[in-house]
Each structure stands twice: as structure tokens, then as C-alpha cells.
Amino acid sequence: MVLHSHQLTCAGIAFALCLHHLISAIEVPLDLPQPPTITKQSVKDYIVDPRDNIFIECEAKGNPVPTFSWTRNGKFFNVAKDPKVSMRRRSGTLVIDFHGGGRPDDYEGEYQCFARNDFGTALSNKIHLQVSRSPLWPKEKVDVIEVDEGAPLSLQCNPPPGLPPPVIFWMSSSMEPIHQDKRVSQGQNGDLYFSNVMLQDAQTDYSCNARFHFTHTIQQKNPFTLKVKTKKPHNETSLRNHTDMYSARGVTETTPSFMYPYGTSSSQMVLRGVDLLLECIASGVPAPDIMWYKKGGELPAGKTKLENFNKALRISNVSEEDSGEYFCLASNKMGSIRHTISVRVKAAPYWLDEPQNLILAPGEDGRLVCRANGNPKPSIQWLVNGEPIEGAPPNPSREVAGDTIVFRDTQIGSSAVYQCNASNEHGYLLANAFVSVLDVPPRILAPRNQLIKVIQYNRTRLDCPFFGSPIPTLRWFKNGQGNMLDGGNYKAHENGSLEMSMARKEDQGIYTCVATNILGKVEAQVRLEVKDPTRIVRGPEDQVVKRGSMPRLHCRVKHDPTLKLTVTWLKDDAPLYIGNRMKKEDDGLTIYGVAEKDQGDYTCVASTELDKDSAKAYLTVLATPANRLRELPKERPDRPRDLELSDLAERSVKLTWIPGDDNNSPITDYIVQFEEDRFQPGTWHNHSRYPGNVNSAVLSLSPYVNYQFRVIAVNDVGSSLPSTPSERYQTSGARPEINPTGVQGAGTQKNNMEITWTPLNATQAYGPNLRYIVRWRRRDPRGSWYNETVKAPRHVVWNTPIYVPYEIKVQAENDFGRAPEPETYIGYSGEDYPKAAPTDVRIRVLNSTAIALTWTRVHLDTIQGQLKEYRAYFWRDSSLLKNLWVSKKRQYVSFPGDRNRGIVSRLFPYSNYKLEMVVTNGRGDGPRSEVKEFPTPEGVPSSPRYLRIRQPNLESINLEWDHPEHPNGVLTGYSLRYQASTTTCLSSPVNGSKTGRTLVETFSPNQTRFTVQRTDPISRYRFFLRARTQVGDGEAIVEESPALLNEASTWLPPPTTELTPAATTATTTTTATPTTETPPPTEIPTTEIPTTITTTTTTAASTVASTTTTAERAAAATTKQELATNGSSIWDIRAWANSNWANITWSHNYSAGTDFVVKYITSNKTEKSIPVKAQTPSSVQLANLTPGMVYKLWVFPIWSSPSEHSYITFTTSSAYTKNHVDIATQGWFIGLMCAIALLVLILLIVCFIKRSRGGKYPVRDNKDEHLNPEDKNVEDGSFDYRYAPCDEDNKPLPNSQTSLDGTIKQQESDDSLVDYGEGGEGQFNEDGSFIGQYTVKKDKEETEGNESSEATSPVNAIYSLA
């Protein structure tokens, strides 16, 4: 077994990344004003593909957000004038688009980006933009090359100059690569060198190929053809058998000579930081070997690499120390030759001290340092906001001294961006560093109350990024103790991080980082949890098994119980597929019927979120079938026997046992248990666990325990019975080694503090008469300690001040002595109720459902405990709408911590609220503040309570609705949107249908009915009804018109929400009316979601709720059956009823071919059952039903019986005439009404004639008074007959007018018939006879508002009856 442990913590490479954060500069939070900082830019030498658009990147951050501009070749580049060039939004990145044509070569040049805001200007590097080129190979005629065998040869490539340079390789014209060795090789310049030519070199041709990077094209040069002149004919056999190939060929052996470089010496210049490549290619027969040396020393260690068959020497990352003379030695058996290369290392500028952003407080001093080195020495130039500092406005607080700028007594407004340019002939460096003058109190940038988990003994880091100006000082404390953490296991870094070289269990706790400057102090807490490592305590072992056997691979893991463990298996380093032949268990993997394909490496990987461990073993499978004994029954093992104790010592003992029979299943583990007779006699505890292949173990023991042991054997079937206990062994006593844990101090009353702890157990007591020394004192180094010795794990200290901190120690002691000095814990005495209430409570209404609160915090001395939260108690006192009952239940909102503002939400709009505030500690609420009252503005209403749809005939649809439950303001009306759809999908009447145009109707707030005239008799309608206030429309209630009869067989309703049989009878409508008062929605929905159809569910203990029906058919009813014993069930039973038939459908998960029974009972107890053969979908039609009858219906398998509670109810509709229409639209009814109207007209005319002959009408005193211009009815001759008296016995008195109910009205403004015409004046003769026409037509509102019982006209009365 091979174990591999991996700790996924800040170690190795990961910890190197952590250190990067430790040295990073403190950054200014973006919500504070700051100059621009370049965050992204293109490389200095930028080569682009001519086939793509060009993107020159430049991004920056700052506050305010920077603006960007560019220069090209040192001149302002006007982006707006070139249609092909654009700049990304909120970025300076240039985009040059060639989709519409254009030449990329026209945009080559040097670009520089400028990022500006109110505090300065930052510059990018100068970006040299070049377009990639892949020129064609010049056409040339290549002659056949004749060469003597053994002579040197170089084939020149001379590729066309590309940008970037192409990659060169040699191949034959048949695209076979040229074999290279120390005799034939390619040089760095691309030429192919032959140290000596052999006859076999003429068997192929040689073509130089150039691969260009951007275009991914390969260009091929015309191939070279070799003709080798030889002195002897070619004979392969003689060459193979001859010990000297060259003498066999008659080739003269020669001493080496250099083909490249030429001569005996050369020089080479290289820049610091790049790779140096030295090359020596030599000719000779035989091919010479190359060796490399450096004069006066060794080759640079760890940086050199030999390439190209030792013909090239590569030195990586060259530095000045690599300068000197190198020489290559070419040698063969004929002699040697050397070439010296003098290497000079120059350097482009590189940073020694790169300037960093400088954050200063007003009046502070600081400096920017720009130190660079190079060869030759670079020159330093300072710029401010992109301009040379020499030409910048004078700044008395700034002094430039070479590579340093000193700032003294800086003030607000001195912020700027400074650029340092270090350059020499080999390149330049440009750095931006801003100086920001800020006055900011400390702030912690990390989330509060972080939780850091780390594996024990690993390196870790607690982060506390901070900011402030002046730069705050940061200190770390643990568990509220006063000692600052720095040194030993801790190392505090300048950026706020606290590093621990090794995390131990005792390092767990709450760490507090405190940042302080002259403007204030802020702190944050980080909780560190140290976890146990994940370890595989028993991993898989190498096994050799027979085919067909059942091997088991163990993987028992020990890990921290608070971390989630994941165990995975790999086979041959690839994830293992766990098929049906494998069983993965918590502690291993079992393979059933192992086969040859199962052979291989098996790796168990145990991992948590923090670390992982792995173990590997090899499984070998033999082809021989397994022994038949494996088929014997397996049972739990027999108990171990003959336990024996030996090697007795103070803290250990050796236990030996004899294993019992394994009963055909190998024993995998032994569990050793112990019992002691002092603390818990008769109770057995697990001591340790051992592998199944051992029969003895050395047990570690605790002092002063009278031990007795027993052993339990475990195999794959289970555990054996415990063995017979061993003899007892008494260990000698000792003083305790540990102290109690979990020490706490807290008050149970306002004048006490209860100290509690976790007591030691039997194996920790170490001696008789265990007791605890409890010590406490006020948290004051000068205070005196009090102590008490107790045996119970609890002690109460009385007469303590209210909520003061105490230092507490609890030390264990027995008759042998005391435990080591205990840790000090902090506890608090009891709390009392707060004494003060928040004051100056102010309320600002945010919207219709939320307010913002501010208050003056109470003084900490008045809290008398630990401040938990501020609470705002509020209740809805009344609604601004009259006669609307509201619940005055008190609610509260908590604002944890010491704060002075908060938001209360989920209020009801258009209501009067009352509010009061308290402060709360651990004891409870303090006194209440003054009650504040405030109203909430109007909001949008909730949906109407219901929307009922009825279809009295085929021509119209009647809608009726109720007002919203929560108006949330003064209703201004309703809006109705609806559209027709023609069903084309069987499964859904809406989805997949053809919809008509949407119509919109608006109604007054008092209107709750509306009739829609259908455009055709087959369309269905979907209605969206909303109530409206001045704020806007509320949420919609959505309903659909019921399906007509001829649609019953063509579509089924969409599925409804499932209800269990135990649910109470309820009718599900579009929106549910809540039983408790809940805040209304604050937003108007933008989309309408169709609602489900009306459904009804019943139980045996409830009455049947009537379903919403239409004139044509009843709505569907649905329920869900209870589960059968085998887990199958029936659900979604639906009934679609007409007056004398019903369609029944249901869903189920019974096996295919199951027959069902549909049983139904009428309300008069008539019972019928119908068998239904298996079919898909499951449905049946019930015929010959009674109209208007209520039915109960069950569906159940034919082999079962119905459940008493799993029925649905439905009601058949009453009998009706199919073409039933409104009586008011029938011809006979209209004729009858006309005849009655004519008869009444004749009767009235007769009455008027009789009155005109028998008496005078009273007239006005002023006959000449003009007609009221508003009385237009006088002019148009209209007349309302309902005011014409025709009874002589009921004539009015001379100065009065008799009403139709027989009462006499005093003559005021209505003293004549003229007044019935709304003030118009009629003309009369002297005898009182009527001249002209007059009107008594009343305004509709006036008539409706008149409380007298004036009769309407007969025609109107008849029509009102209709």
C-alpha cells in the first residue's frame, strides 16, 4: 500500500501565492476620490494578425471614472474622425474594425493612452503596433549540387523576412522530415549543415520550410538535389561488416574545422534577462564532438542546457555575471579545434525601486522614489500628469532630487499622478504612481466575522485588509486578551495579515484586528477553527485473487467530524465506475465476481474541503476459478476467547486473545472495549480498534483506573458477541494532566455570575477525590483573586455588580496534586434591563411599504449588559380608507448591534402607523421611547378578491368581481384585458392556440360587473382584471372562460395543484384570500401567468364544497389517492360533467395492464360501478346521469377496494335549452313592451285633455320671465309622462305640487310643471291653458339620488324587470 497525503492549504506553491498578497501595496477603496490607475494595457511590441480586427487595450480605474484619449506617433489621435476606429464604453480600449474594408498597414505606429479625471492623468506604455507579415518565398532556380563524399556542405535556407520571424524546418519533397544527428543538423539561422557528406545523403532531396505564426501557413522553398561523387560503389553489406565506414568508402579522414561561426573567435552581445544561445558547428571526418567551456570558471550552474547534439549552449535568464569568454572545442580522432566567443551582457532598464502610490493625510510628508539600473546606466525623467515636471506649475510642497520627489506639508488638492521614465539605448520603463491627499478614518475592507478553517500543523494566514489616511496602525489580539500578537508562532504583516507558521489546536479562537489612526479606530473579528487532518488509517493492500472471487479493498478514514468527507476510488489513476458488480461502503470497496478486466491499481482518495489523503494498492486477478467454498453460507464470527494481560506497566498493558471461527467471512477488525468500576461501573467504552489479522495489542492506559477489557470480532456480516472479560488491572494514581474545558461565566440574575465547565471523565481524573479549584476576579490586573473548591461542575458567585467582566480559572485537583496552571477565561456577571430609551426618533417615508428610521443611541452605561439590538415596535393603527378594519397586532424589527439607523419594511400602504423604540440586552427590553405616528402613502392594490365568469348563452359572457382585499389607497377604477383564442391543441386550451387581438376596458371604482359580447360561439377568452389607484395598476387576477360542450371531447384541462386526501374541502380560485393580514405587493407584475381551473377536494370529515359551474357544464374536480402498500398510487382524478354525462380521467403509476373500477354514488345513495380495461390515457365516460345531482366518485384497481377518504365530488348541471338566450332580445317580448307603452301613452293623453278642460294650471307670477338657457329639453319638445297627474280627486292645492306617493310638497323652486323641466319656463294663456311644449326630464344622477319614491315610467319599469 502506498500512501499519499495532500494538504490543500497555503503551502508550497500555494503559499508562495499567499506571500504575494502579504507584500502587495495598500490600495485606496474605489468609493473614495482618487487619481486614475492604469489596470490593463497592451504589450509594448504589439504584433497583430492582419485578418482580424485590431484591439489596443487600455483600461483604468479611479474616482471619478477616468476619461481616455490617445496619441499616435506623438500626436493627438482623434478617434471620432475615423469611422473604422471606436473606443469601448467606460474603457480606453481602441477597436479598429476592418469588416468594411481598409488596410491594417495604415494603422501601424506608436500609440499611447491617457486616462484622466479631476485628480490627475495616468499614462500607458508606448505601444508599438506592427502588422504581421508572411511574404512569399522569392522564386529561384536551384541547380543540382555536386559534392565529393566526405566533404562538408551547408544548404542555405534564407527565408523571407516575416514578422514575427518564421519557424524553420527541413523536409523532403515527399514531406518526410530530414533525419538529424551530430553529422547532419540544422543551425539557428535555418541552414542545414553536413559535417561530411555520405553517399546515402543523395537518396532524398532537401526542402526548407517556413511556418508563419499568425497566418498558420507553411511556405516551401524549391528542393535541393544532391549528387554525391564517390570513389567506390555503394555496397550495404560491406559497410555493415566493416569496422571503419569511412575507410571502407575510401573517404579521407580529416581534422575538424568550423563551419559556423567562422575563424577562431567572435563576439556576441545579449540583454539581461533573456536567453543566450551560443552555437558551434564543425566539419570533419568522422563528425566531430562538441564540448563547451568558460574561461576562468565553470559554466553557470542551473542555467545551462546543451541543445542540437551539443552544438548549441543555451544560458537562461542571463545576468551580468554571465559575461565573459566561452569557447567550444570540436574534436575527433584526427585532432581538435576551438572557437572563443566573447559575451557582453547589456541591460535594458530594470527596477530597483519602482515608485508606489503615495497616500498622505493633510500636513504629512512623503516621498516617491524611482531607482532603476541598466547597462548603460538609464536616465531618469519625472512627469506629472503626463507632462514633464519641469514645465508643471510650481508646487512649494514638492522638491525633485534626481530619482526622488520629496513632499512636505501636503494639503488637500495636491493629488496628482507622477510618471517616472527610466530609459537607455536598449529600452525604457514607465511607471505611474499617484499622490493622493486624503483625510479618512480607518476602515476594514474585509467582510466582518470571517471564518477561517485550517488543518492542524499547517501554515495559515488571517487577512484583515484595511485603509485610512493617515495610514492606520494595525494590531492583532486573540480572544479579547490585551497582548498584541507578533512574534513566535505569529508574524504580523504591514498589509494587515497575521501569519501563523503552524496552526495548533490551542490557536483556535476569535482573533480581533484593530486599525487605529488619529481620526478613529475600527476593528473586525476573524474566527479560526483548527481541524484534524484527514488520514487513511487502513488503506487497500496488494492482493492476488482468483477470478470469480469477492475481494475487498479497505479504506478506513479518520477525519475531522465537522468537515464533510468524500471518498472516491480510482482505477489506474482514472475515476472508477461503480457498476452493479461493485459495492462502495464507508470503509472499503467490494468487487463481486472479480474478472480479469478488474486487475489494476486501485486508489482510495479521502478528501474534505481542506485536505485529502490517498492510498494505492494493486489487484492481481488469476484466471483459475475460485474455490467452491466461497458459496458456503456466511455468518458473524464467533467471539474471541482466552483474553490474557501481560507486560504490565504504569501506562500500558499488552492484551492477547485467541480469535474465534470467522464462519466463512474473514475477520476484518477487532474492537477492544474497557469498563471501570468507579465512575460508571457496568458501562463499556470503546478503547481502540485493530486489523483482523492480529491477535494482540499494546493498550495505552490512564492513571487510577481499575480496567477490565473485552474484545469483539467484526467481519462483513456483522459483529460477534463480546468475549468474556479479562481480569482487572488497577493503574496507580497521578495528578491530573488536563484542566476542565468549556469554562464559561454568565449571570442568571442581575447580581450573580454562574461559572460552569465540562468535568473530567473517569480516564482523566487520574486519582481519588477529584475536585475543582474555581478562581475569579474582576478584570483588573490589580484586583484580588477569590477562590472556592467544589466537586460539582458549577459554582455561583453572588453580589456581583451589574455586567462587569471577570477573569475565571478552573483547575482540577485530586489527592495526588493539581493539574497544570489553567487558562484564563473571560465571563460576565448578570445583566439588568436597560435604563434608557432611544431618543430623537425620526421617521422618513421611503415608499408606500417602507420607512427609514434614525435615532440617537443610548449611552453605553445605561445598557447594563451586552447590547444585542435596537427594536422598533410598530402597529397599524388605522387605514386612511374609512370603514376598513385593520389588525392592530404589534410587530417589531430588530437592528442588531450599536447602530443609529435602519429600515422598516413590509408595511401596508395608505395607513396610519404608530411606532416606538427600545434597546435590548441579554435580559430584555429597556423602556420605550415616545410613540411616533406616521402615515404611509398610497400604493398599488392587491388583486380583486374573485372574478366569476358565467356564460348565459352563446353570444355573451358575464363577468362579476369583488373589490380588492387590500385597496392600499383610493380606488380609481378597474382595467380589464382580454383576448379570444381558438383551441388547436388537445392537451392545452390556451398554449398552442390561435389568439385574437387584445381588448382593454376600463371601469369606475364602483362597477363590479361587465358583459362581453362574443365574436363567435367557439372561442375561449382569457381575462386579466386589475384594480387601480392613483399610483398605478395592482396585481392581476386571471381567469379563463369555461369550455363549451363541443370541446369536452377534444381537450383536457391543464394539471392542477395536487391536494392530499386529508386536505379540507376548498374551492381553488385564481387568487387565494389570505387568512392573516399580509403586506400587499409593491410592484405591478409585468407578465400575466394563467391560473389553473377551478378544483374541489373533499374528505370524509368535511362537507362538500360546491364547484363553480357554468350553464353548460360543471368545473372539474380533482383529488389524490393514498399510497398503496406497494408504493403505487392514483392521482389527478378529474370529472368534467354535463347535465346527463361526465368525462372521468386520472393518472397512476401502477404496472401496465392494470384494470380499474370507477364507482360513483348519488346524493340519494344510488350506487353504480363500471370496470375499465387498461388503456392509455386512463378515462371513462359516465352516461345517463341525473341533472343537478351531486355525485361521489372513487377510482381504484380492480383487485383492490376503495379508500373511504379518497373520493371526489362533482355536480351535474341543470337541464336547459341549448340555445337559451336573453328574454330581452326576443321579438315577441319587444312587441309586447311596445303595445304596453302605446296603451300608457293613450291613457296619459286622455288625462291631459280632461285636466285642460276641468281646471287651470298654476303659473309663475312673472309670465314674461325668459326661459332658463339650461333647459334645453323645453326646446327639443321632450316630455316625461311619469309626472302627469290624471286623478281629479288628488288635485294639488293651489300653491303646492302633489308627488306620486300622495305627499304634498311645499312650493319653492318647483311650484309648477315648469320646474319639472329643470327650471325651464313654459308659456300659458290667460286662462291657464298650456302654450307650447315643456319638459320634466330629470338628470339620471338626480333621479337616482332622490330619496322620494317617485315611480319610473311603465316602460322603464318593465325593462327593469327584464
Side-chain angles (χ1 to χ4, degrees), residues 448-449 477-482 509-510 512 514 521 523-525 527 740-758 774-788 790 792-810 823-841 853 855-874 890-902 915-930:
R448 301 298 175 94
N449 302 319
F477 303 93
K478 180 186 177 185
N479 295 332
Q481 298 177 356
I510 297 178
T512 304
V514 181
K521 180 176 72 172
E523 64 180 41
Q525 291 184 340
R527 183 157 61 96
T741 58
V743 179
Q744 295 181 338
T748 58
Q749 299 181 24
K750 67 179 181 180
N751 61 343
N752 77 356
M753 177 179 66
E754 184 180 64
I755 303 173
T756 59
W757 58 90
T758 302
V774 185
R775 286 181 282 178
W776 69 93
R777 72 173 181 182
R778 291 276 294 269
R779 193 177 183 183
D780 185 354
R782 297 169 297 178
S784 300
W785 286 94
Y786 298 89
N787 65 79
E788 189 75 29
V790 298
R794 172 181 175 272
H795 178 68
V796 180
V797 180
W798 292 97
N799 300 321
T800 59
I802 295 175
Y803 198 68
V804 295
Y806 280 83
E807 293 180 338
I808 303 170
K809 296 181 179 181
V810 180
E823 291 187 27
T824 301
Y825 297 86
I826 303 299
Y828 287 86
S829 57
E831 302 179 62
D832 200 358
Y833 296 105
K835 296 189 297 185
T839 58
D840 195 21
V841 180
L853 286 178
W855 60 88
T856 300
R857 293 174 286 197
V858 301
H859 196 275
L860 294 180
D861 293 340
T862 66
I863 295 176
Q864 301 195 111
Q866 182 179 10
L867 190 153
K868 289 179 60 179
E869 62 191 18
Y870 285 88
R871 283 186 183 177
Y873 287 92
F874 62 96
R890 291 169 65 92
Q891 305 176 64
Y892 71 86
V893 176
S894 298
F895 306 105
D898 190 13
R899 60 171 71 183
N900 65 345
R901 64 185 65 244
L915 180 144
E916 58 189 11
M917 292 200 65
V918 299
V919 65
T920 302
N921 63 13
R923 189 75 184 276
D925 292 353
R928 302 181 184 275
S929 68
E930 176 187 359

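Just so it is clear, the model here is predicted, and its values are computed rather than measured.
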Visitor: Are any of the side-chain nitrogens in Asp780 or Arg782 under 4.0 Å away from the carboxylate oxygens of its partner?
Guide: yes
Visitor: Is the ring centre of Tyr806 less than 6.0 Å from the ring centre of Trp785?
Guide: no
Visitor: Surrounding OH of Tyr825 (heavy atoms of other residues, nucleotides or ligands, distance under 6.0 Å), is the total greater than 12?
Guide: yes
Visitor: Is any side-chain heavy atom of Trp776 less than 4.5 Å from a side-chain heavy atom of Val797?
Guide: yes
Visitor: Locate the shortest heavy-atom distance separating Ala836 from Val919; write the atom from each residue and the value.
Guide: O-CG1, 3.5 Å
Visitor: When rounded to the nearest 0.5 angstrom, what is the spacing between CH2 in Trp757 and NE2 in His795?
Guide: 8.0 Å
Visitor: Could you state the interatomic distance from CG (Asn751) to CG (Asn799), rounded to the nearest 0.5 Å?
Guide: 6.0 Å
Visitor: Lys868: which residues meet the salt bridge (Lys or Arg N to Asp or Glu O under 4.0 Å) condition with it, sequence neighbours left out?
Guide: none
Visitor: Does Thr800 use its side chain to pair, donor to acceptor, with the backbone of Asn752 at less than 3.5 Å?
Guide: yes
Visitor: Which label fits Tyr870 and Trp855: parallel for a plane angle under 30°, tilted from 30 to 60°, or perpendicular past 60°?
Guide: tilted
Visitor: If we only count heavy atoms from C-beta on, is the Pro740 to Thr758 side-chain gap below 4.5 Å?
Guide: no
Visitor: Assess the residue pair Ile826 and Asn479 against the criterion (side-chain contact (heavy atoms from CB on, under 4.5 Å)); give the C-alpha distance rounded to whole Å, side-chain angles, the decisive distance to 0.1 Å, and a yes or no.
Guide: CA-CA 9 Å; Ile826 303 299; Asn479 295 332; over 6 Å; no
Visitor: Quick check: do Thr512 and Lys478 have side-chain heavy atoms less than 4.5 Å from each other?
Guide: no
Visitor: Mind checking whether Arg775 and Ile808 have side chains closer than 4.5 Å, heavy atoms only?
Guide: no
Visitor: Measuring only between side-chain heavy atoms, which start at C-beta, is Leu915 closer than 4.5 Å to Val841?
Guide: yes
Visitor: If you take all heavy atoms of Tyr828 and Pro805, which pair is closest and at what distance?
Guide: CE2-CB, 3.6 Å
Visitor: What heavy-atom pair brings Pro838 and Ser929 nearest, and what distance separates the two atoms?
Guide: O-CB, 3.3 Å
Visitor: At what distance, to the nearest 0.5 angstrom, does CG of Leu867 lie from CZ of Arg857?
Guide: 10.0 Å
Visitor: Does any non-hydrogen side-chain atom of Val804 lie less than 4.5 Å from one of Arg778?
Guide: yes
Visitor: Any chance you could lay out the side-chain contact (heavy atoms from CB on, under 4.5 Å) test for Gln891 and Tyr873, step after step, and finish with the verdict?
Guide: CA-CA 6 Å; Gln891 305 176 64; Tyr873 287 92; over 6 Å; no
Visitor: Let's go through Asn900 and Thr856 carefully: what are the C-alpha distance in whole Å and the side-chain angles of both, what is the deciding distance for side-chain contact (heavy atoms from CB on, under 4.5 Å) to 0.1 Å, and is it a yes or a no?
Guide: CA-CA 6 Å; Asn900 65 345; Thr856 300; over 6 Å; no
Visitor: Nearest 0.5 angstrom please: Gln864 CD to Lys750 NZ, how far?
Guide: 8.0 Å
Visitor: Do Ile755 and Gln744 have side chains that get closer than 4.5 Å, going by heavy atoms?
Guide: no
Visitor: Determine yes or no for a side-chain-to-main-chain donor-acceptor pair under 3.5 angstrom, with Glu831 supplying the side chain and Asn921 the backbone.
Guide: no
Visitor: Would you give the length of the straight line joining atom CZ of Arg928 to atom CD of Glu916, rounded to the nearest 0.5 angstrom?
Guide: 5.0 Å
Visitor: How many angstroms lie between atom CD1 of Ile863 and atom CD1 of Ile802, to the nearest 0.5 angstrom?
Guide: 13.0 Å
Visitor: Give a yes or no on whether a salt bridge exists between Arg448 and Glu523, defined as a side-chain N under 4.0 angstrom from a carboxylate O.
Guide: no
Visitor: Give the C-alpha distance, both sets of side-chain angles, the deciding distance and a yes or no for salt bridge (Lys or Arg N to Asp or Glu O under 4.0 Å) between Glu823 and Lys809.
Guide: CA-CA 6 Å; Glu823 291 187 27; Lys809 296 181 179 181; over 6 Å; no
Visitor: Taking C-beta and beyond as the side chain, do Phe874 and Val893 meet within less than 4.5 Å on heavy atoms?
Guide: yes
Visitor: Restricting to non-hydrogen atoms, name the atom on Pro834 and the atom on Pro927 that form the minimum distance, rounded to 0.1 Å.
Guide: O-CD, 3.1 Å
Visitor: Does a side-chain N-to-carboxylate-O contact under 4.0 Å join Glu869 and Arg871?
Guide: yes
Visitor: Where is the tightest heavy-atom contact between Met753 and Ser829, given as atom of each residue plus distance?
Guide: CB-CA, 3.9 Å
Visitor: Check Ala872 against Phe895 and note the closest heavy-atom contact, atom names and distance.
Guide: CB-CE1, 3.9 Å
Visitor: Should we say atom CZ of Arg901 is surrounded by more than 12 heavy atoms from elsewhere, each under 6.0 Å from it?
Guide: no
Visitor: Would you please name every residue forming a side chain to side chain donor-acceptor pair (under 3.5 Å) with Ser784, sequence neighbours left out?
Guide: none
